[in-house]
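Read the structure below first, then the notes.
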Amino acid sequence: MILPIVGYGDPVLRKECEEITPEYPQLKELLSNMFETMKHAYGVGLAAPQIGLPIRLFVVDTNPFSEDEDLSEEERNFLATFSRAFINAKIIKEEGEEWAFNEGCLSIPGVREDVYRKPNITIEYYDENFEKRTEKFSGYAARVIQHEYDHIEGILFTDKISSLKKKLNAKRLQNIMEGKVFPDYKMKFINKKGR
């Protein structure tokens, strides 16, 4: 089922999210709905707060990045099949020299800015079967995970841009809060009923 995505300005996007247990109601269905919602909106990641749930859960699917001709064949093959659920995630390490990438967010349609992040991460999390894992990721996969991880910490990519860029985007952000944007997917806005 495709769920409405919560727009910028909703307080749920600013909450530090709560951990869940394997008994969380209809978890498999929720994960399936999140993957379906993300793919419908042509996203590469979606966090639970973006669908109104303040829980430590996000999904990623980096397949769209596998088209990047600048990557090695090995990297493209990995990105083509990397699809994962992260439950109760904790980033243990971020390493390497920060690099810029033009990021966007399904909750902030029409706004894209360069964000600097470290290229390598080590993350501890539970998968969809509640098996505990510790893994290392790099490049695009690490970046998507970091972006979604920020969501469960109550952080948005717009928090990581310069004050000048924030000023330049102020009107766009205001329009999102007022529901004056029309992306190709269903959204729910703080100052307007969803469409």
Side-chain angles (χ1 to χ4, degrees), residues 4-17 37-38 41-54 56 58-62 64-65 67-71 75 79 86 89-123 137-195:
I5 293 172
V6 170
Y8 179 87
D10 192 303
V12 74
L13 296 174
R14 292 302 187 178
K15 287 191 172 156
E16 197 171 326
C17 296
T37 300
M38 172 185 67
Y42 302 102
V44 291
L46 185 69
Q50 292 181 276
I51 54 161
L53 298 173
R56 295 185 75 81
F58 60 87
V59 298
V60 301
D61 186 329
T62 57
F65 288 130
E67 306 294 316
D68 188 333
E69 299 291 325
D70 294 335
L71 299 175
E75 287 173 302
L79 293 169
F86 292 80
K90 181 82 183 137
I91 290 181
I92 299 164
K93 244 191 267 179
E94 293 177 300
E95 300 170 291
E97 195 174 316
E98 288 189 339
W99 61 294
F101 185 78
N102 195 255
E103 290 190 20
C105 179
L106 296 177
S107 291
I108 313 175
V111 177
R112 296 192 68 84
E113 290 295 344
D114 282 352
V115 175
Y116 286 84
R117 297 187 190 272
K118 295 194 182 225
N120 307 305
I121 63 164
T122 304
I123 188 167
F137 295 101
S138 60
Y140 286 148
R143 178 165 289 272
V144 175
I145 291 166
Q146 287 166 308
H147 178 108
E148 299 310 323
Y149 182 82
D150 278 353
H151 273 300
I152 64 172
E153 294 287 315
I155 299 165
L156 300 173
F157 87 91
T158 49
D159 299 339
K160 296 179 177 282
I161 62 176
S162 71
S163 49
L164 173 64
K165 295 280 190 190
K166 284 179 187 163
K167 280 183 185 146
L168 293 172
N169 282 298
K171 183 65 179 153
R172 284 190 185 122
L173 297 174
Q174 187 62 40
N175 285 344
I176 295 167
M177 287 195 284
E178 293 172 7
K180 295 178 183 170
V181 292
F182 304 98
D184 295 338
Y185 49 89
K186 206 173 3 172
M187 285 195 76
K188 193 164 70 177
F189 303 101
I190 183 144
N191 293 330
K192 181 186 172 200
K193 300 219 184 304
R195 57 183 195 95

Item to check | Passing candidate, side-chain hydrogen bond (donor to acceptor under 3.5 Å, both in side chains) with Gln174, options Glu178, Arg172, Lys171 | outcome: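 Among the candidates, only Glu178 passes.
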Using a strict cut-off of less than 4.0 Å between a Lys/Arg side-chain nitrogen and an Asp/Glu carboxylate oxygen, indicate whether Glu153 and Arg56 qualify as a salt bridge.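 Looking at Arg56 together with Glu153, the answer is yes, because their closest N to O distance falls below 4.0 Å.
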Any carboxylate oxygen within less than 4.0 angstrom of a Lys/Arg side-chain nitrogen, looking at Arg117 and Glu94?
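Between Glu94 and Arg117 there is no salt bridge, as every charged N stays at least 4.0 Å from the carboxylate O atoms.
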Between [X] and [Y] (side chain of the first, backbone of the second, donor and acceptor by atom type, cut-off under 3.5 Å), is there such a pair?
X	Y	answer
Gln146	Lys118	yes
Asp159	Leu156	yes
Glu95	Asn120	no
Tyr185	Leu106	yes

Q. Is it the case that more than 12 heavy atoms not belonging to Glu98 sit under 6.0 Å from its CD atom?
A.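 Counting neighbours around CD of Glu98, more than 12 heavy atoms of other residues, nucleotides or ligands fall under 6.0 Å, so yes.
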Next on the checklist: Just checking Lys165: does its NZ atom have more than 12 heavy atoms from other residues, nucleotides or ligands closer to it than 6.0 angstrom?
Outcome noted: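 No, NZ of Lys165 has 12 or fewer neighbouring heavy atoms, counting only those of other groups under 6.0 Å.
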Exercise for the section: Sequence neighbours left out, what passes ring pair (Phe, Tyr, Trp, His ring centres under 6.0 Å) with Tyr140? Give chain and number order. Expected result: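 So Tyr140 forms a ring pair (Phe, Tyr, Trp, His ring centres under 6.0 Å) with Phe65, Phe101.
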Item to complete: Identify, with sequence neighbours excluded, every residue that meets ring pair (Phe, Tyr, Trp, His ring centres under 6.0 Å) alongside Phe86.
Response: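 In terms of ring pair (Phe, Tyr, Trp, His ring centres under 6.0 Å), with neighbours along the sequence ignored, Phe86 is linked to Phe58, Tyr125.
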Which atom names give the shortest non-hydrogen contact between Pro109 and Val181, and what distance separates them?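 It is CG-CG2, 3.9 Å.
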